[in-house]
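Because only heavy atoms are used, hydrogens play no part in the values below, and waters and symmetry mates are left out as well, while side chains stay in. A, B, ... follow the sequence lines: proteins, then strands. Residue 1 opens every chain.
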Amino acid sequence: MSGAFDWKGAAVPFRAGETVASALMRSGVRDFGPFCGIGQCQGCLVRVDGRVTEACLALCRAGALVQPLEARDAG
Amino acid sequence: MPDDRVIVVGAGPAGMAAAVALAEGGQRVLLVDQASTPGGAVHRAPLPGVAPLGLPEHRRRWAALVARATAQASRIETAYETRFAGVDATGAVLLTGALNRLLQPRGVIVALGARERVLPRPGWTLPGVMSAGAIQTGLKTSGEAPQGRVVLAGSGPLLLAVGAELAALGRPPVAIIEAARPFGAGALGLPLAYLAEAARYRLRLLGVPVLTGSRLVEIVPGLEAMVDTPKGPRRFAADLIGLHDGIAPNDSGLGGPCPIPLLRAGDGREALGARAAMLDGTRAGLAMLALLAGRPVPPEPAALIRQRAAQARLARIYARDEGAALDALPPDTILCRCESRSRADLTALGESPTGRDLRLTGRFGMGACQGRVCGEWVAHFAKTRDLGRPRLPLRPLSIADLLAVPAADTGD
(Lines give C-alpha, C1' and ligand atoms only; values in the text may rest on other atoms or scores of the structure.)
Protein backbone atom coordinates (compact mmCIF):
# COMPACT_ATOMS: atom_id res chain seq x y z
CA MET A 1 0.00 0.00 0.00
CA SER A 2 1.23 3.47 -0.79
CA GLY A 3 -0.47 6.83 -0.46
CA ALA A 4 0.08 10.21 1.13
CA PHE A 5 0.00 11.86 4.55
CA ASP A 6 -0.44 15.49 5.57
CA TRP A 7 2.57 17.58 6.64
CA LYS A 8 1.90 21.29 7.27
CA GLY A 9 -1.01 21.21 4.83
CA ALA A 10 0.94 19.50 2.03
CA ALA A 11 0.34 15.93 0.86
CA VAL A 12 3.58 13.93 1.21
CA PRO A 13 3.55 10.75 -0.92
CA PHE A 14 5.02 7.54 0.44
CA ARG A 15 5.83 4.02 -0.72
CA ALA A 16 4.66 0.81 0.93
CA GLY A 17 6.68 0.05 4.07
CA GLU A 18 8.32 3.48 4.17
CA THR A 19 8.98 5.45 7.38
CA VAL A 20 7.70 9.00 7.88
CA ALA A 21 11.29 10.32 7.94
CA SER A 22 12.15 8.60 4.67
CA ALA A 23 9.05 9.98 2.90
CA LEU A 24 9.70 13.52 4.23
CA MET A 25 13.35 13.40 3.16
CA ARG A 26 12.46 12.16 -0.32
CA SER A 27 10.01 15.07 -0.61
CA GLY A 28 12.84 17.46 0.20
CA VAL A 29 11.70 18.22 3.78
CA ARG A 30 14.78 18.35 6.02
CA ASP A 31 13.83 20.66 8.87
CA PHE A 32 12.15 18.11 11.15
CA GLY A 33 15.35 17.19 13.00
CA PRO A 34 16.41 13.89 11.41
CA PHE A 35 19.91 12.97 12.51
CA CYS A 36 20.72 9.37 13.49
CA GLY A 37 18.06 7.57 11.42
CA ILE A 38 17.83 4.63 13.86
CA GLY A 39 15.69 5.80 16.76
CA GLN A 40 18.48 6.81 19.13
CA CYS A 41 18.87 10.61 18.99
CA GLN A 42 15.15 11.45 19.34
CA GLY A 43 15.78 14.46 17.08
CA CYS A 44 13.04 13.63 14.59
CA LEU A 45 10.15 13.36 17.07
CA VAL A 46 6.86 14.26 15.36
CA ARG A 47 3.18 13.79 16.13
CA VAL A 48 1.42 11.19 14.01
CA ASP A 49 -2.33 11.60 14.50
CA GLY A 50 -1.53 13.25 17.83
CA ARG A 51 0.90 10.65 19.19
CA VAL A 52 4.56 11.51 19.62
CA THR A 53 6.91 9.13 17.80
CA GLU A 54 10.27 9.06 16.05
CA ALA A 55 9.70 9.87 12.36
CA CYS A 56 12.56 7.49 11.49
CA LEU A 57 10.71 4.53 13.06
CA ALA A 58 7.03 5.30 12.39
CA LEU A 59 5.60 3.72 9.27
CA CYS A 60 3.52 5.93 7.01
CA ARG A 61 -0.26 5.54 6.97
CA ALA A 62 -2.45 6.97 4.23
CA GLY A 63 -4.33 10.02 5.41
CA ALA A 64 -2.34 10.43 8.64
CA LEU A 65 -1.84 13.91 10.05
CA VAL A 66 1.89 14.36 10.76
CA GLN A 67 2.91 17.49 12.66
CA PRO A 68 6.11 18.98 14.03
CA LEU A 69 6.26 18.73 17.84
CA GLU A 70 5.97 22.51 18.29
CA ALA A 71 2.63 22.57 16.49
CA ARG A 72 0.64 21.54 19.56
CA ASP A 73 3.03 22.73 22.24
CA ALA A 74 2.65 26.27 20.91
CA GLY A 75 -1.13 26.07 20.62
CA MET B 1 3.45 -14.04 34.89
CA PRO B 2 6.45 -16.31 34.13
CA ASP B 3 7.06 -17.01 30.50
CA ASP B 4 9.06 -19.98 29.15
CA ARG B 5 10.67 -17.92 26.41
CA VAL B 6 13.98 -16.09 26.10
CA ILE B 7 13.51 -12.57 24.75
CA VAL B 8 16.03 -11.49 22.12
CA VAL B 9 16.02 -7.75 21.53
CA GLY B 10 17.16 -6.69 18.07
CA ALA B 11 16.73 -8.66 14.84
CA GLY B 12 20.01 -7.67 13.22
CA PRO B 13 22.83 -10.18 12.64
CA ALA B 14 23.59 -10.66 16.36
CA GLY B 15 19.99 -10.98 17.52
CA MET B 16 19.00 -13.23 14.64
CA ALA B 17 22.02 -15.51 15.21
CA ALA B 18 21.24 -15.65 18.94
CA ALA B 19 17.60 -16.55 18.24
CA VAL B 20 18.67 -19.32 15.84
CA ALA B 21 21.18 -20.77 18.33
CA LEU B 22 18.55 -20.77 21.10
CA ALA B 23 15.83 -22.30 18.92
CA GLU B 24 18.16 -24.95 17.48
CA GLY B 25 18.95 -25.84 21.10
CA GLY B 26 15.24 -26.35 21.80
CA GLN B 27 14.55 -23.02 23.55
CA ARG B 28 11.47 -20.94 22.65
CA VAL B 29 12.31 -17.37 21.68
CA LEU B 30 10.52 -14.04 21.34
CA LEU B 31 12.53 -11.92 18.89
CA VAL B 32 11.62 -8.22 18.96
CA ASP B 33 12.75 -5.29 16.86
CA GLN B 34 11.71 -1.64 16.60
CA ALA B 35 11.77 -1.78 12.79
CA SER B 36 9.07 -3.37 10.63
CA THR B 37 11.49 -5.93 9.15
CA PRO B 38 14.54 -7.87 10.36
CA GLY B 39 18.07 -6.93 9.33
CA GLY B 40 19.13 -4.24 11.76
CA ALA B 41 21.16 -1.34 10.42
CA VAL B 42 23.52 -3.42 8.32
CA HIS B 43 21.02 -5.69 6.55
CA ARG B 44 18.28 -3.07 6.44
CA ALA B 45 15.48 -4.48 4.27
CA PRO B 46 14.75 -2.54 1.08
CA LEU B 47 11.18 -1.42 0.38
CA PRO B 48 9.16 -3.85 -1.78
CA GLY B 49 10.45 -3.74 -5.35
CA VAL B 50 13.79 -2.10 -4.43
CA ALA B 51 16.99 -4.00 -5.26
CA PRO B 52 19.21 -4.62 -2.20
CA LEU B 53 22.39 -2.52 -2.09
CA GLY B 54 24.79 -4.51 0.09
CA LEU B 55 27.73 -6.54 -1.16
CA PRO B 56 26.67 -10.02 -2.46
CA GLU B 57 28.87 -11.85 0.07
CA HIS B 58 27.16 -10.03 2.99
CA ARG B 59 23.71 -10.68 1.55
CA ARG B 60 24.42 -14.40 1.14
CA ARG B 61 25.58 -14.73 4.74
CA TRP B 62 22.44 -12.96 6.00
CA ALA B 63 20.11 -14.98 3.73
CA ALA B 64 21.58 -18.23 5.06
CA LEU B 65 20.93 -17.12 8.65
CA VAL B 66 17.36 -16.06 7.86
CA ALA B 67 16.76 -19.48 6.27
CA ARG B 68 17.86 -21.17 9.52
CA ALA B 69 15.50 -18.90 11.48
CA THR B 70 12.65 -19.74 9.13
CA ALA B 71 13.30 -23.46 9.69
CA GLN B 72 12.82 -22.77 13.45
CA ALA B 73 9.62 -20.76 12.99
CA SER B 74 7.77 -22.99 15.49
CA ARG B 75 10.19 -21.90 18.24
CA ILE B 76 10.88 -18.29 17.19
CA GLU B 77 8.01 -15.83 17.58
CA THR B 78 8.69 -12.38 16.18
CA ALA B 79 7.36 -8.97 17.18
CA TYR B 80 8.33 -6.11 14.88
CA GLU B 81 7.54 -2.40 15.38
CA THR B 82 8.04 -3.24 19.03
CA ARG B 83 10.35 -1.25 21.31
CA PHE B 84 12.31 -2.43 24.30
CA ALA B 85 12.07 -0.18 27.35
CA GLY B 86 14.41 -2.26 29.53
CA VAL B 87 14.57 -4.96 32.19
CA ASP B 88 13.79 -3.95 35.78
CA ALA B 89 15.20 -5.36 39.02
CA THR B 90 12.48 -8.05 39.13
CA GLY B 91 13.43 -9.33 35.67
CA ALA B 92 10.33 -7.87 34.03
CA VAL B 93 10.78 -6.74 30.44
CA LEU B 94 8.63 -3.88 29.16
CA LEU B 95 7.82 -3.89 25.45
CA THR B 96 5.79 -1.16 23.76
CA GLY B 97 4.42 -0.62 20.28
CA ALA B 98 2.87 -3.39 18.18
CA LEU B 99 3.41 -5.85 21.06
CA ASN B 100 2.61 -3.96 24.25
CA ARG B 101 3.49 -6.28 27.16
CA LEU B 102 5.27 -6.60 30.48
CA LEU B 103 6.85 -10.07 30.34
CA GLN B 104 8.80 -12.29 32.78
CA PRO B 105 11.07 -14.29 30.42
CA ARG B 106 13.64 -16.96 31.38
CA GLY B 107 16.41 -14.73 30.08
CA VAL B 108 17.16 -11.78 27.83
CA ILE B 109 19.71 -11.31 25.07
CA VAL B 110 20.16 -7.66 24.20
CA ALA B 111 21.47 -7.09 20.67
CA LEU B 112 20.80 -3.40 20.21
CA GLY B 113 23.67 -2.84 17.80
CA ALA B 114 25.90 0.17 17.64
CA ARG B 115 25.37 3.85 18.05
CA GLU B 116 27.04 6.11 15.54
CA ARG B 117 29.62 8.47 17.02
CA VAL B 118 29.48 11.99 15.61
CA LEU B 119 31.91 14.60 16.92
CA PRO B 120 30.29 17.97 17.59
CA ARG B 121 31.19 20.71 15.11
CA PRO B 122 29.93 24.28 14.74
CA GLY B 123 26.79 24.04 12.58
CA TRP B 124 26.14 20.32 13.13
CA THR B 125 22.58 21.05 14.28
CA LEU B 126 21.61 22.74 10.99
CA PRO B 127 18.91 21.15 8.79
CA GLY B 128 20.61 19.10 6.09
CA VAL B 129 23.24 17.73 8.48
CA MET B 130 22.75 14.08 9.46
CA SER B 131 24.84 11.12 10.40
CA ALA B 132 26.34 9.28 7.43
CA GLY B 133 24.69 6.13 8.77
CA ALA B 134 21.28 7.80 8.55
CA ILE B 135 21.92 8.63 4.90
CA GLN B 136 22.94 5.01 4.33
CA THR B 137 19.79 3.69 6.01
CA GLY B 138 17.78 5.84 3.59
CA LEU B 139 19.69 4.51 0.58
CA LYS B 140 19.29 0.89 1.64
CA THR B 141 15.54 1.15 2.09
CA SER B 142 14.51 3.48 -0.73
CA GLY B 143 17.16 2.53 -3.31
CA GLU B 144 17.38 6.26 -4.09
CA ALA B 145 20.25 8.66 -3.49
CA PRO B 146 19.18 11.95 -1.90
CA GLN B 147 18.69 14.95 -4.20
CA GLY B 148 21.51 17.45 -4.41
CA ARG B 149 25.18 17.61 -3.41
CA VAL B 150 26.29 15.32 -0.59
CA VAL B 151 29.49 15.81 1.44
CA LEU B 152 30.61 12.99 3.77
CA ALA B 153 32.97 13.85 6.61
CA GLY B 154 34.53 12.46 9.76
CA SER B 155 36.42 9.21 9.93
CA GLY B 156 35.99 5.51 9.32
CA PRO B 157 35.37 2.92 6.61
CA LEU B 158 31.64 3.70 6.62
CA LEU B 159 32.31 6.98 4.81
CA LEU B 160 33.74 5.02 1.85
CA ALA B 161 30.87 2.52 1.95
CA VAL B 162 28.21 5.25 1.88
CA GLY B 163 30.12 7.17 -0.81
CA ALA B 164 30.36 4.04 -2.97
CA GLU B 165 26.66 3.34 -2.55
CA LEU B 166 25.76 6.93 -3.52
CA ALA B 167 27.98 6.51 -6.61
CA ALA B 168 26.34 3.17 -7.47
CA LEU B 169 22.96 4.94 -7.38
CA GLY B 170 24.23 7.55 -9.84
CA ARG B 171 24.86 10.45 -7.44
CA PRO B 172 28.43 10.24 -6.11
CA PRO B 173 29.29 12.52 -3.19
CA VAL B 174 30.96 15.89 -3.86
CA ALA B 175 33.79 14.94 -1.50
CA ILE B 176 34.75 12.59 1.32
CA ILE B 177 36.63 14.26 4.19
CA GLU B 178 38.62 11.72 6.25
CA ALA B 179 40.49 12.80 9.39
CA ALA B 180 42.84 9.79 9.36
CA ARG B 181 45.28 8.70 6.66
CA PRO B 182 44.08 5.12 6.21
CA PHE B 183 45.56 4.20 2.83
CA GLY B 184 49.17 3.59 3.89
CA ALA B 185 51.16 0.36 4.09
CA GLY B 186 49.51 -0.54 7.42
CA ALA B 187 46.34 -1.47 5.53
CA LEU B 188 48.09 -4.47 3.97
CA GLY B 189 47.85 -6.47 7.20
CA LEU B 190 44.04 -6.50 7.07
CA PRO B 191 42.12 -9.68 6.22
CA LEU B 192 41.67 -10.18 2.46
CA ALA B 193 37.89 -9.80 2.75
CA TYR B 194 38.36 -6.30 4.22
CA LEU B 195 40.85 -5.31 1.49
CA ALA B 196 38.59 -6.62 -1.28
CA GLU B 197 35.70 -4.62 0.15
CA ALA B 198 37.81 -1.45 0.36
CA ALA B 199 39.06 -1.94 -3.20
CA ARG B 200 35.49 -2.26 -4.49
CA TYR B 201 34.53 0.97 -2.73
CA ARG B 202 37.55 2.87 -4.05
CA LEU B 203 36.80 1.68 -7.59
CA ARG B 204 33.25 3.02 -7.41
CA LEU B 205 34.59 6.29 -6.02
CA LEU B 206 36.94 7.02 -8.93
CA GLY B 207 36.78 10.76 -9.59
CA VAL B 208 35.47 11.62 -6.11
CA PRO B 209 37.95 13.64 -4.02
CA VAL B 210 38.80 11.68 -0.87
CA LEU B 211 40.71 14.17 1.30
CA THR B 212 42.63 12.35 4.04
CA GLY B 213 44.25 13.97 7.06
CA SER B 214 41.47 16.56 6.69
CA ARG B 215 38.73 17.79 9.00
CA LEU B 216 35.37 19.41 8.50
CA VAL B 217 35.76 22.19 11.08
CA GLU B 218 32.55 24.16 10.53
CA ILE B 219 29.25 23.98 8.70
CA VAL B 220 27.82 27.36 7.73
CA PRO B 221 24.12 27.86 6.96
CA GLY B 222 23.30 27.71 3.33
CA LEU B 223 24.99 24.86 3.48
CA GLU B 224 28.74 24.95 3.24
CA ALA B 225 31.39 22.62 4.65
CA MET B 226 34.57 24.39 5.78
CA VAL B 227 37.45 21.92 5.64
CA ASP B 228 41.03 22.05 6.94
CA THR B 229 43.28 20.00 4.67
CA PRO B 230 47.06 19.48 4.91
CA LYS B 231 47.31 21.85 1.90
CA GLY B 232 45.17 24.58 3.47
CA PRO B 233 41.48 25.38 3.86
CA ARG B 234 38.84 24.33 1.33
CA ARG B 235 35.08 24.83 1.20
CA PHE B 236 32.41 22.64 -0.34
CA ALA B 237 28.85 23.78 -1.00
CA ALA B 238 26.39 21.00 -0.12
CA ASP B 239 22.70 20.20 0.17
CA LEU B 240 23.26 17.36 2.60
CA ILE B 241 26.22 16.66 4.90
CA GLY B 242 26.74 13.21 6.41
CA LEU B 243 28.92 13.05 9.54
CA HIS B 244 30.44 9.90 11.03
CA ASP B 245 33.27 9.32 13.52
CA GLY B 246 33.06 5.59 14.12
CA ILE B 247 30.71 3.36 16.08
CA ALA B 248 30.37 2.35 19.72
CA PRO B 249 28.12 -0.10 21.59
CA ASN B 250 24.55 1.12 22.01
CA ASP B 251 24.40 0.06 25.65
CA SER B 252 23.12 3.16 27.41
CA GLY B 253 20.86 2.39 30.39
CA LEU B 254 21.76 -1.30 30.64
CA GLY B 255 23.64 -2.80 33.55
CA GLY B 256 21.36 -2.46 36.56
CA PRO B 257 20.63 -5.40 38.88
CA CYS B 258 18.78 -8.21 37.11
CA PRO B 259 17.68 -11.56 38.62
CA ILE B 260 17.50 -13.42 35.28
CA PRO B 261 20.36 -14.16 32.87
CA LEU B 262 20.94 -11.08 30.71
CA LEU B 263 23.58 -11.20 27.98
CA ARG B 264 24.63 -8.66 25.38
CA ALA B 265 25.53 -9.67 21.87
CA GLY B 266 27.02 -8.13 18.75
CA ASP B 267 27.91 -4.45 18.34
CA GLY B 268 25.90 -3.70 21.48
CA ARG B 269 28.49 -5.68 23.47
CA GLU B 270 31.58 -4.70 21.53
CA ALA B 271 31.45 -2.76 18.25
CA LEU B 272 33.31 -5.11 15.91
CA GLY B 273 31.10 -4.92 12.81
CA ALA B 274 28.63 -7.21 11.06
CA ARG B 275 30.85 -10.26 10.55
CA ALA B 276 31.68 -10.42 14.24
CA ALA B 277 28.10 -9.60 15.27
CA MET B 278 26.75 -12.78 13.72
CA LEU B 279 29.46 -14.88 15.41
CA ASP B 280 28.81 -13.13 18.70
CA GLY B 281 25.06 -13.69 18.45
CA THR B 282 25.65 -17.42 18.13
CA ARG B 283 28.03 -17.25 21.10
CA ALA B 284 25.43 -15.44 23.22
CA GLY B 285 22.68 -17.91 22.24
CA LEU B 286 24.85 -20.90 23.23
CA ALA B 287 25.93 -19.14 26.43
CA MET B 288 22.27 -18.52 27.36
CA LEU B 289 21.41 -22.20 26.76
CA ALA B 290 24.30 -23.18 29.04
CA LEU B 291 23.29 -20.71 31.79
CA LEU B 292 19.67 -21.90 31.76
CA ALA B 293 20.78 -25.53 31.94
CA GLY B 294 23.40 -24.87 34.65
CA ARG B 295 26.20 -25.98 32.32
CA PRO B 296 29.54 -24.13 31.92
CA VAL B 297 29.45 -21.34 29.33
CA PRO B 298 31.44 -22.27 26.21
CA PRO B 299 34.47 -20.10 25.33
CA GLU B 300 34.42 -17.47 22.58
CA PRO B 301 34.87 -18.99 19.11
CA ALA B 302 38.28 -18.47 17.46
CA ALA B 303 36.66 -16.74 14.48
CA LEU B 304 35.32 -14.01 16.78
CA ILE B 305 38.75 -13.51 18.32
CA ARG B 306 40.20 -13.13 14.79
CA GLN B 307 37.57 -10.50 13.94
CA ARG B 308 38.49 -8.59 17.09
CA ALA B 309 42.14 -8.57 16.05
CA ALA B 310 41.22 -7.38 12.54
CA GLN B 311 39.08 -4.56 13.97
CA ALA B 312 41.93 -3.51 16.27
CA ARG B 313 44.19 -3.26 13.22
CA LEU B 314 41.51 -1.27 11.39
CA ALA B 315 41.28 1.10 14.37
CA ARG B 316 45.06 1.65 14.25
CA ILE B 317 44.87 2.39 10.52
CA TYR B 318 42.15 4.94 11.21
CA ALA B 319 44.01 6.49 14.16
CA ARG B 320 43.44 10.25 14.52
CA ASP B 321 43.57 12.77 17.36
CA GLU B 322 39.94 13.23 18.38
CA GLY B 323 40.89 14.96 21.64
CA ALA B 324 42.65 17.73 19.70
CA ALA B 325 39.62 18.16 17.42
CA LEU B 326 37.33 18.48 20.45
CA ASP B 327 39.67 20.87 22.28
CA ALA B 328 39.75 23.13 19.20
CA LEU B 329 35.95 23.61 19.22
CA PRO B 330 34.78 27.23 19.73
CA PRO B 331 32.99 27.81 23.10
CA ASP B 332 29.56 28.32 21.50
CA THR B 333 29.61 24.89 19.81
CA ILE B 334 26.49 22.91 20.77
CA LEU B 335 27.42 19.65 22.54
CA CYS B 336 23.98 18.51 23.69
CA ARG B 337 21.63 18.60 20.71
CA CYS B 338 18.50 17.78 22.77
CA GLU B 339 18.82 20.72 25.15
CA SER B 340 21.02 23.02 22.99
CA ARG B 341 23.80 23.16 25.59
CA SER B 342 27.18 24.45 24.47
CA ARG B 343 30.79 23.89 25.43
CA ALA B 344 30.65 27.27 27.23
CA ASP B 345 27.61 26.09 29.24
CA LEU B 346 29.69 23.11 30.37
CA THR B 347 32.73 25.26 31.23
CA ALA B 348 30.43 27.45 33.36
CA LEU B 349 29.81 24.45 35.65
CA GLY B 350 33.36 24.79 37.00
CA GLU B 351 36.62 22.90 36.88
CA SER B 352 35.45 19.38 37.80
CA PRO B 353 31.65 19.12 37.66
CA THR B 354 30.00 16.05 39.21
CA GLY B 355 27.39 13.97 37.42
CA ARG B 356 24.80 15.83 39.48
CA ASP B 357 26.15 19.24 38.37
CA LEU B 358 26.21 18.12 34.76
CA ARG B 359 22.66 16.81 34.82
CA LEU B 360 20.73 18.97 37.28
CA THR B 361 22.40 22.30 36.62
CA GLY B 362 23.88 21.77 33.18
CA ARG B 363 21.05 19.68 31.67
CA PHE B 364 23.68 17.57 29.87
CA GLY B 365 22.38 14.06 29.21
CA MET B 366 18.90 15.05 30.42
CA GLY B 367 17.34 15.36 26.99
CA ALA B 368 15.23 12.81 25.18
CA CYS B 369 18.29 10.87 23.90
CA GLN B 370 19.53 10.47 27.50
CA GLY B 371 23.09 11.36 26.53
CA ARG B 372 23.50 8.75 23.79
CA VAL B 373 24.68 11.45 21.37
CA CYS B 374 26.66 13.83 23.61
CA GLY B 375 27.70 11.68 26.61
CA GLU B 376 31.14 10.83 25.26
CA TRP B 377 31.93 14.49 24.45
CA VAL B 378 30.56 15.79 27.75
CA ALA B 379 32.77 13.23 29.54
CA HIS B 380 35.79 14.52 27.61
CA PHE B 381 35.26 18.16 28.55
CA ALA B 382 34.16 17.47 32.14
CA LYS B 383 37.13 15.09 32.58
CA THR B 384 34.85 12.58 34.28
CA ARG B 385 33.20 9.27 33.53
CA ASP B 386 30.49 9.97 36.07
CA LEU B 387 27.63 11.42 34.08
CA GLY B 388 25.04 9.90 36.39
CA ARG B 389 23.67 6.46 35.57
CA PRO B 390 20.96 6.45 32.88
CA ARG B 391 17.74 5.00 34.27
CA LEU B 392 14.88 2.97 32.94
CA PRO B 393 13.06 3.31 30.64
CA LEU B 394 15.75 3.12 27.97
CA ARG B 395 13.74 5.48 25.80
CA PRO B 396 10.95 8.00 26.27
CA LEU B 397 7.60 6.27 26.76
CA SER B 398 4.14 7.68 26.32
CA ILE B 399 1.59 7.21 29.11
CA ALA B 400 -0.69 5.72 26.46
CA ASP B 401 1.86 2.92 25.90
CA LEU B 402 2.05 2.19 29.63
CA LEU B 403 -1.73 2.12 29.96
CA ALA B 404 -1.96 -0.26 27.00
CA VAL B 405 -0.05 -3.01 28.87
CA PRO B 406 -2.60 -5.75 29.73
CA ALA B 407 -3.50 -5.70 33.44
CA ALA B 408 -2.72 -9.44 33.67
CA ASP B 409 0.97 -8.63 33.05
CA THR B 410 1.29 -6.14 35.85
CA GLY B 411 -0.17 -8.33 38.63
CA ASP B 412 -0.95 -6.13 41.60
Fill in the blank from the handout: Among T125(B), N250(B), T141(B), the residue with the most heavy-atom pairs under 4.5 Å to chain A is N250(B)
Practice task
Verify, without hydrogens or angle tests, whether S131(B) (side chain) and F35(A) (backbone) share a donor-acceptor contact under 3.5 angstrom.
Solution key: yes
Fill in the blank from the handout: The interface call for A145(B) against chain A, heavy-atom contacts under 4.5 Å, is neither
Problem - Most chain A-contacting option - heavy-atom pairs closer than 4.5 Å, from Q34(B), R372(B), E116(B) - result: Q34(B)
Exercise for the section: With a 4.5 Å cut-off on heavy-atom pairs, point out which of G148(B), S398(B), S142(B) contacts chain A the most. Expected result: S142(B)
Completion exercise
The reported gap from CG in L47(B) to CZ in F14(A) (rounded to nearest 0.5 angstrom) is 11.0 Å
Handout entry: Interface residue of largest heavy-atom contact number with chain B, from G39(A), G37(A), C36(A), under 4.5 Å
Key = C36(A)
Practice task
Could you look at L59(A) and say if it's the side chain, the backbone, both or neither that has a heavy atom under 4.5 Å from chain B?
Solution key: side chain
Completion exercise
Max heavy-atom pairs within cutoff under 4.5 Å with chain A, candidates R115(B), Q136(B), R44(B), R83(B), goes to R83(B)
Practice task
Measure distances from A368(B) to the heavy atoms of chain A and classify the residue's part below 4.5 Å as side chain, backbone, both or neither.
Solution key: both
Problem - Heavy-atom pair of closest approach, residues C41(A) and C369(B) - result: O-CB, 3.4 Å
Exercise for the section: Working to the nearest 0.5 Å, report the span between CG of L112(B) and CD1 of I38(A). Expected result: 10.0 Å
Exercise for the section: List the steps, then state whether side chain to side chain contact (heavy atoms under 4.5 Å, CB included) holds for L240(B) with M25(A). Expected result: CA-CA 11 Å; L240(B) 189 62; M25(A) 288 289 292; 4.3 Å; yes
Handout entry: D401(B) versus chain A, the contacting section by heavy-atom distance below 4.5 Å
Key = both
Fill in the blank from the handout: Honestly, the part of A45(B) sitting under 4.5 Å from a heavy atom of chain A is neither
Problem - Separation between CZ of R26(A) and CD of Q147(B), rounded to the nearest 0.5 Å - result: 10.0 Å
Handout entry: Interatomic spacing from CZ in R30(A) to CG in D239(B) - rounded to 0.5 Å
Key = 6.5 Å
Handout entry: Least distance between heavy atoms, P48(B) atom then A16(A) atom
Key = CD-O, 3.4 Å
Exercise for the section: Start with the C-alpha gap between V373(B) and Q42(A), add the side-chain angles, then the distance that decides, and say whether side chain to side chain contact (heavy atoms under 4.5 Å, CB included) holds. Expected result: CA-CA 10 Å; V373(B) 179; Q42(A) 303 287 311; over 6 Å; no
